[in-house]
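Everything below concerns the one structure shown next.
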Amino acid sequence: MTQAELADAVEVTRQTVVAVEAGNYAPSVYLALAIARRLGRSVEDLFGTAGAPSHPDSHPDSHPATEVRT
């Protein structure tokens, strides 16, 4: 499928598809769902970040250690 065909299918411009594909534009939830449906994939498959922590608190460096003095 070409970028133009996908753009027509989800009713956006080809430039929008190019920007989403390049990671320069975060699509709305509605657009992400439309793209995923059209491509037969899940939103997570297309827009998920592999290897990223699911919650900021789950990363060991998210809260630097603080010294506690008593």
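Atoms considered below: every heavy atom in the structure, side chains included; atoms not considered: hydrogens, waters and symmetry mates. All residue numbers refer to positions in the sequence shown, counting from 1. Just so we're clear, the structure is a prediction, and the values are computed from it rather than from any experiment.
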Output all residues satisfying salt bridge (charged side-chain N to carboxylate O under 4.0 Å, His left out) with R14, sequence neighbours left out; order by chain, then residue number.
none
Is there a chain of hydrophobic side chains (I, L, V, M, F, W, Y, each step under 4.5 Å between heavy atoms) that links V20 to V18?
no
Could you grab the distance from atom CZ of R38 to atom CD of E5, nearest 0.5 Å is fine?
8.0 Å
Any chance you could measure T16, atom OG1, to Q3, atom CD, to the nearest 0.5 Å?
11.0 Å
Donor-acceptor pairs under 3.5 angstrom involving side-chain atoms of residues 27-36: please list them, not counting sequence neighbours.
| from | atom 1 | to | atom 2 | distance (Å) |
| --- | --- | --- | --- | --- |
| S28 | OG | Y30 | N | 3.4 |
| S28 | OG | L31 | N | 3.0 |

My understanding is that only residues two or more places apart in sequence, or in another chain, count here; which of them pass side chain to side chain donor-acceptor pair (under 3.5 Å) with N24?
none
